[in-house]
Amino acid sequence: MEREALLQAVEKELPRSRFEHTLRVAETAVRLADRFGADKEKADLAGILHDYCKYWPDERMRDWIIRHHLPSDLLDYNKELWHAPVGAEAVRECLGVTDPEVLDAIRYHTTGRPNMTRLEQVVFLADYIEPGRRFPGVDEVRAVAESDLDRAVLMALDNTIRFLIDRGQKVYPLTLLARNDVLERVSGKNSS
Ligand code: DGI
Ligand code: FE
Ligand code: FE
């Protein structure tokens with residue numbers, strides 16, 4: 001499918017405000033890709049598609065997790081996590097997107113994971129700092145994202161983990177592993 005057709009498919013799945021978020025994430029991801037040396041076309045595509053399943057009913061997402069053998073531990077954690085791995089499967093099956101790097105950027109855009117590729121980091125961070133986002137601390141992350149991708153990703157993960165702890169919610173283990181991994185990368189940079 002061409003970009004225009006993909007955009008139309010996404011637009012059908014999302015309310016207006018979420019579709020506009022998607023466009024801002026794509027735009028931000030392209031800028032970050034340019035800045036940090038990731039593939040701009042893939043960043044654009046992953047940005048456009050990353051929240052494809054965001055408004056699917058929980059039961060439909062649960063069904064996909066089971067039928068498509070996605071990690072079943074997801075079912076024990078916040079439902080907010082489901083749309084990312086389900087989205088990767090869905091854009092492959094429903095929209096014919098096959099690029100594994102794009103699919104992984106969608107799959108890990110919410111939780112993160114250890115050893116994230118540049119493209120995965122760029123999409124993860126774009127989702128966090130796109131200009132419509134208003135959460136506490138986002139301006140500090142935006143400032144760091146001007147020059148240091150790892151450190152900005154670390155700050156976003158730290159903020160999200162703190163947010164979950166403050167609300168008495170569970171943290172998905174992959175998010176903790178992602179945070180520990182990028183912390184090591186950042187500390188490695190400091191000590192060299
Ligand atoms: O889909 P969006 O609202 O654009 O952004 P997202 O995919 O990052 O949103 C998912 C939300 O899920 C995020 O803001 C916080 C929440 N969440 C719940 N449990 C976890 C979690 N996020 C992470 N990273 N890890 C969790 O365990
Ligand atoms: Fe999302
Ligand atoms: Fe998003």
Side-chain angles (χ1 to χ4, degrees), residues 6-7 9-11 13-33 43-58 60-62 64-65 70-91 97 102-116 119-138 141-142 145 152-183:
L6 290 173
L7 264 181
V10 171
E11 193 170 13
E13 295 289 326
L14 301 177
R16 192 71 212 169
S17 61
R18 177 62 52 170
F19 181 64
E20 283 165 4
H21 159 75
T22 279
L23 298 178
R24 291 191 299 266
V25 171
E27 223 173 279
T28 306
V30 170
R31 262 198 299 119
L32 291 172
D44 175 59
L45 208 53
I48 286 171
L49 298 170
H50 81 285
D51 275 341
Y52 182 72
C53 288
K54 183 84 180 175
Y55 288 82
W56 282 18
D58 293 345
R60 187 172 182 200
M61 288 194 283
R62 184 195 301 277
W64 274 64
I65 289 171
L70 302 178
S72 58
D73 63 345
L74 285 164
L75 299 172
D76 301 327
Y77 289 85
N78 201 314
K79 295 183 176 74
E80 286 289 320
L81 302 176
W82 299 356
H83 73 284
V86 173
E89 289 300 306
V91 303
V97 175
V102 171
L103 295 176
D104 278 342
I106 298 167
R107 182 170 289 117
Y108 298 108
H109 87 263
T110 304
T111 59
R113 65 161 167 174
N115 262 310
M116 288 171 85
L119 182 70
E120 288 167 20
Q121 287 189 309
V122 154
V123 173
F124 175 88
L125 187 60
D127 192 27
Y128 195 84
I129 66 170
E130 64 90 349
R133 295 294 207 191
R134 292 283 177 271
F135 15 81
V138 71
V141 182
R142 285 187 181 115
V153 167
L154 175 62
M155 289 169 78
L157 284 165
D158 280 352
N159 286 350
T160 299
I161 291 167
R162 264 193 293 266
F163 170 90
L164 293 167
I165 290 172
D166 288 346
R167 276 156 195 73
Q169 294 183 19
K170 289 198 267 193
V171 181
Y172 190 57
L174 203 59
T175 299
L176 294 171
L177 295 176
R179 188 264 180 180
N180 291 344
D181 174 69
V182 76
L183 176 65

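Read the numbers this way: they start at 1 and go in the same order the structure lists the ligands and their atoms.
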Heavy-atom distance under 4.5 Å between the side chains of [X] and [Y], does that happen here?
X    : Y    : answer
R31  : T28  : yes
R16  : E11  : yes
T111 : F124 : no
F163 : F135 : no

- Message: Would you say CD of E13 has more than 12 non-hydrogen atoms from neighbouring residues, nucleotides or ligands within 6.0 angstrom?
- Response: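 More than 12 within 6.0 Å, yes.
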- Message: Nearest 0.5 Å, please: how far is CZ in R162 from CG in L157?
- Response: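 L157 atom CG to R162 atom CZ measures 11.0 Å (nearest 0.5 Å).
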- Query: Ignoring water, what protein N, O or S atoms are under 2.8 Å from the Fe ion (ligand 2)?
  - Reply: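 Counting only protein N, O or S atoms under 2.8 Å from the Fe ion (ligand 2), the list reads D51 OD1, H83 NE2, H109 NE2.
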- Qualifying residue, where the test is side chain to side chain contact (heavy atoms under 4.5 Å, CB included) with L49 and the options are T22, L7, L103, V97: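 Single side chain to side chain contact (heavy atoms under 4.5 Å, CB included) partner of L49 among T22, L7, L103, V97: V97.
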- Query: Could R133 and D127 be called an ion pair, given the rule that one side-chain N must be under 4.0 Å from one carboxylate O?
  - Reply: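 Judged by the 4.0 Å cut-off on N to carboxylate O distance, R133 and D127 do form a salt bridge.
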- Is the shortest distance from a Lys or Arg side-chain nitrogen in E130 or R142 to a carboxylate oxygen in the other one below 4.0 Å?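 Here E130 does not pair with R142 in a salt bridge, since their nearest N and O are not under 4.0 Å apart.
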- Query: Taking any residue with a non-hydrogen atom under 4.0 angstrom from an atom of ligand 1, which ones do you get?
  - Reply: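 Answer by chain and number: R18, H21, D51, K54, N78, E80, L81, H83, H109, T110, T111, D127, R133, T160, L164, V171, Y172, T175.
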